[in-house]
Every structure is written in structure tokens, then in C-alpha cells.
Amino acid sequence: MTAYLLRRLGYALLILIGVNLFTFMLFFAVNTPDDMARLNIGGKRVTQEAIDKWKIERGYDRPMLYNPAEDGVKSLTRTIFFERSVQLFVFDFGASDGGRDIAHDILERAGPSLALALPTFVLGVFVSIVFALLLVFFRQSYLDFWGVVLCVVMLSISSLFYIITGQYFFSKLLQLVPISGYAGGLDSLKFLILPVLITVIARLGSEARLYRTLFLEEIGKDYVRTARAKGLSETAVLFRHVLRNALIPILTSTVALIPLLFLGSLVAESFFSIPGLGSYTIEAINGQDFAIVRAMVFVGSVLYIAGLVLTDLSYTLADPRIRLS
């Protein structure tokens with residue numbers, strides 16, 4: 001197990017280095033520091049003196065990869081690449097192009113993102129599994145048929161439709177919950193109920209249909225027929241055998257959602273004005289703040305790779321026959 005973890009961490013480091021290099025090249029190939037200065041100052045008719053001042057204040061006046069004006073190690077460290085890219089590996093995000101402390105903003109906005117994403121993740125997986133098991137329990141019946149039809153219809157509809165319809169119906173007509181906004185403490189519940197409900201419904205169609213397919217594949221295997229022959233009820237067969245043996249593909253399908261627990265939902269946070277990391281990223285993109293965007297890309301990469309490692313480890317819990325080596 002230890003050797004496996006060390007090997008996976010080594011792979012993860014190589015992937016992070018590759019993502020970091022690609023992101024750095026992509027951003028600075030599209031926009032030079034002068035372009036960033038113009039975008040942040042506002043307009044193309046800015047003086048060169050204003051551009052130079054902006055670059056000096058934010059460290060963009062230094063050379064890109066190698067600084068011949070410095071001696072020794074400083075020739076490599078006092079560069080844009082080191083200060084804006086390499087230092088991300090020690091989670092030193094520095095300042096945004098607007099002058100704000102990125103690390104402080106991330107810590108401040110992680111709470112609202114978790115408050116939205118965590119119940120959405122747990123409820124979404126639970127509701128989808130229960131609904132899929134219900135369809136499998138009544139397989140080859142009208143309930144199964146119309147349940148599959150409902151799943152196809154739901155996954156064919158854009159999530160924006162659910163958001164706009166939910167806001168109009170529950171907030172504007174019924175006035176049960178606020179249409180947008182956020183508050184701290186227990187007051188956040190009234191702002192989170194609607195986005196959590198809408199996000200769970202928007203994911204239900206695709207996830208329940210996938211889980212139903214996995215359960216139907218398992219239910220036709222020999223061990224299920226053996227369990228029935230021993231006198232186990234259909235409910236016991238579904239929950240004690242079929243569900244457990246289908247956990248590995250379910251775990252694999254949910255790993256992509258793990259970064260959302262921290263990074264938040266870009267669409268939901270923007271439409272419901274929740275000050276999380278998702279809306280933080282959208283604001284940075286709209287404001288052309290490339291320092292924030294690079295930092296969020298790096299954080300997302302770290303979380304996604306961590307999710308992959310945790311998923312591999314969870315396989316051993318779901319199926320004791322699997323051994324990591």
C-alpha cells in the first residue's frame with residue numbers, strides 16, 4: 001500500500017508539473033504582461049508609463065524565465081515563471097492582478113462553496129441510487145419504462161432551464177425562498193435550499209440512468225441467482241449484493257464531482273449569487289484576472305488528482321478482493 005501511494009504521488013507530481021507548464025505557456029502565449037496591464041487599467045489608449053508602473057507593482061516587469069541581472073539562484077527565482085507558477089506548488093498564490101491576496105480570497109469563499117456542494121453531492125448520489133434501485137426492483141414494468149423515459153427527458157434538458165424555472169416558480173410566484181443571495185450561519189439555509197434542489201434534479205436523469213444500467217448488469221449474474229436460491233428477498237439481494245458489487249463503477253463515476261466540493265459550481269453560484277469559488281473564478285475570467293484563473297486551475301488539478309487517488313483506495317473498501325500493489 002505504501003509503495004502504491006508513493007508511486008501514485010510521483011505520477012501526480014508529474015501531472016501537476018505538466019498542467020502547470022501548459023497553463024503558464026497558454027496564458028503568456030495569448031497575453032503579454034503589457035496586454036494584461038492594458039486590460040486591467042482599462043482601454044488601449046493608456047500610456048506606456050502607466051503600463052510600466054502596473055507591471056512593476058505586480059512583478060510583471062521581470063524576465064520570463066531567466067533574469068541575467070541577478071546572480072546565482074536569484075537569476076531563476078526572480079522571474080515571472082518562478083513567482084507566478086513554481087510557487088503554486090507550495091500553495092503560495094501571491095496577489096491577483098487586481099492586488100488582492102488570492103489565498104485569503106480562496107479561504108473566505110471555500111465555506112459557501114462547501115455549503116452548496118457538499119449537500120448537493122451527498123443528496124445527488126443518494127437520490128440517484130435509490131431511484132435507480134427502485135426502477136430495477138420494478139424492472140420490465142410500466143414504472144420502469146416511464147422512469148427511463150423520465151430520465152432521458154431530464155438529461156436532455158439544460159441545467160439552465162431548471163435554474164430559471166425554479167427561480168421563477170419557487171421564488172417569484174410562490175415566494176418560498178429568495179431568488180438569489182447568501183448569508184452566513186443558519187440564515188444560509190434559505191438561500192441554499194433552492195440551488196441544492198435544482199442541482200440534484202438536474203443530475204438525476206443522467207446518473208439514475210447510468211446506475212440503473214450498472215444494477216441491471218449485476219442482477220443477471222450467477223451470484224444473484226445463488227442468493228435468490230438461498231431464500232433471500234429481492235430487497236436483500238439488491239441492497240446486500242447488487243449495490244455492493246456495483247459500487248466500483250459508481251465510485252469511478254463520482255470522482256469527477258469531488259473537486260466541486262471545494263471549487264463549487266460555476267453555473268449555480270453565478271445564477272444564485274453565492275460568493276463561492278465558482279463565482280470567484282467566473283468573476284476572474286470576466287475581469288481578465290489571469291493570476292486568479294491560473295491559481296484556480298492549479299487548485300482544481302490538485303483536487304482532481306487527489307480524488308483519483310482516493311477513489312483507488314476506496315476500491316479496497318468496496319471490494320476486499322482488490323489489492324493495491
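These numbers come from a predicted model, not from an experiment.
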- Item | Separation between CG of Leu143 and CG of Leu134, rounded to the nearest 0.5 Å | 5.0 Å
- Message: Assess whether a salt bridge exists between Arg109 and Glu283, defined as any Lys/Arg side-chain N lying under 4.0 Å from an Asp/Glu carboxylate O.
- Response: yes
- Task: Spell out, as yes or no, whether a donor-acceptor pair under 3.5 Å connects the side chain of Ser171 to the backbone of Val177.
- Result: yes
- Item | Val136 side chain reached by Arg139 side chain, heavy atoms, under 4.5 Å | yes
- Item | Main-chain N/O of Leu16 paired with Asn20 side-chain donor or acceptor, under 3.5 Å | no
- Message: Before you tell me yes or no, could you show the steps for Val293 and Asp289 under side chain to side chain contact (heavy atoms under 4.5 Å, CB included), namely the whole-Å CA-CA distance, both residues' side-chain angles and the distance that decides it to 0.1 Å?
- Response: CA-CA 7 Å; Val293 177; Asp289 199 317; 5.8 Å; no
- Would Arg294 and Phe93 satisfy side chain to side chain contact (heavy atoms under 4.5 Å, CB included), going step by step from the backbone distance to the final call? CA-CA 9 Å; Arg294 288 196 303 271; Phe93 302 112; over 6 Å; no
- Message: Students often mix this up, so state it plainly: with edges at 30° and 60°, are the rings of Phe24 and Phe81 parallel, tilted or perpendicular?
- Response: perpendicular
- Item | Whether over 12 other heavy atoms sit under 6.0 Å from Gln48 CD | yes
- Would you name the heavy atoms of Asp101 and Gly94 that are closest together and state the gap between them? OD1-O, 3.7 Å
- First locate atom CG of Leu243, then atom CD1 of Ile250, and finally report the distance between them rounded to the nearest 0.5 Å. 6.0 Å
- Task: Give the cluster check for Ile17 versus Ile305: same hydrophobic cluster or not, with ILVMFWY residues linked at side-chain heavy-atom distances below 4.5 Å.
- Result: yes
- Side-chain touch Leu65/Thr79, heavy atoms, less than 4.5 angstrom: no
- So do Phe145 and Val149 actually touch side chain to side chain, heavy atoms under 4.5 Å? yes
- Would a hydrophobic clustering, with Ile, Leu, Val, Met, Phe, Trp and Tyr connected at side-chain separations under 4.5 Å, put Val86 with Phe91? yes
- Task: To the nearest 0.5 angstrom, please state how far the OG atom of Ser96 sits from the CZ atom of Phe290.
- Result: 13.0 Å
- Item | Spatial distance of atom CD1 (Ile80) from atom CD (Glu83) [nearest 0.5 Å] | 8.5 Å
- Are there more than 12 heavy atoms of other residues, nucleotides or ligands under 6.0 Å from atom CZ of Arg228? yes
- Item | Option among Ile106, Asp105, Ile282, Leu114 that satisfies the side-chain contact (heavy atoms from CB on, under 4.5 Å) test with Leu277 | Ile106
- Item | Within 6.0 angstrom of Phe126 CZ, more than 12 heavy atoms from elsewhere | no
- Task: Write down the atom of Ile198, the atom of Gly166, and the distance for their closest heavy-atom approach.
- Result: CD1-CA, 3.8 Å
- Is there side-chain contact between Ile201 and Val127, with heavy atoms separated by less than 4.5 Å? no
- Give, for atom OG of Ser233 and atom CZ of Phe239, the distance between the pair rounded to the nearest 0.5 Å. 10.0 Å
- Message: Between Tyr182 (side chain only) and Gly276 (backbone N and O only), is there a donor and an acceptor less than 3.5 Å apart?
- Response: no
- Message: Quick check: do Asp144 and Arg212 have side-chain heavy atoms less than 4.5 Å from each other?
- Response: yes
- Item | Pairwise distance OH(Tyr162) to CE(Met154) - rounded to 0.5 angstrom | 4.5 Å
- Message: Any heavy-atom pair between the side chains of Val237 and Lys230 that's under 4.5 Å?
- Response: no
- Look at the aromatic rings of Phe215 and Tyr211 and report parallel, tilted or perpendicular, splitting at 30° and 60°. tilted
- Message: If you compare all heavy atoms of Met296 against all heavy atoms of Tyr280, which two are closest, and at what distance to 0.1 Å?
- Response: SD-CD2, 4.2 Å
- Verify side chain to side chain contact (heavy atoms under 4.5 Å, CB included) between Tyr60 and Arg84, making sure each step is shown before the conclusion. CA-CA 9 Å; Tyr60 285 113; Arg84 293 287 179 169; 3.6 Å; yes
- Task: Please check if atom CZ in Arg62 has more than 12 non-hydrogen atoms from other residues, nucleotides or ligands closer than 6.0 Å.
- Result: yes
- Task: Start with the C-alpha gap between Phe298 and Phe89, add the side-chain angles, then the distance that decides, and say whether side chain to side chain contact (heavy atoms under 4.5 Å, CB included) holds.
- Result: CA-CA 9 Å; Phe298 181 81; Phe89 286 94; 4.0 Å; yes
- Query: When clusters are formed by joining ILVMFWY residues with side-chain heavy atoms under 4.5 Å apart, either directly or through shared neighbours, do Leu14 and Leu303 land in the same one?
  - Reply: no
- Note on the structure: Between Thr23 and Val297 the two heavy atoms that sit nearest each other are OG1-CG1, 3.7 Å
- Query: Taking all non-hydrogen atoms of both residues, which atom of Ile157 and which atom of Val153 are closest, and how far apart?
  - Reply: CG1-O, 3.2 Å
- Under a 4.5 Å side-chain heavy-atom rule over Ile, Leu, Val, Met, Phe, Trp and Tyr, are Leu13 and Tyr11 clustered together? no
- Following the transitive rule for hydrophobic clusters with a side-chain heavy-atom cut-off under 4.5 Å over Ile, Leu, Val, Met, Phe, Trp and Tyr, establish whether Leu155 and Leu135 coincide in one cluster. no
- Message: Using side-chain heavy atoms (C-beta onward) and a distance below 4.5 Å, is Ile129 in contact with Val125?
- Response: yes
- Message: Are the side chains of Glu269 and Ser113 in contact, using a 4.5 Å heavy-atom criterion?
- Response: yes
- Message: Restricting to non-hydrogen atoms, name the atom on Ile274 and the atom on Pro195 that form the minimum distance, rounded to 0.1 Å.
- Response: CD1-CG, 4.2 Å
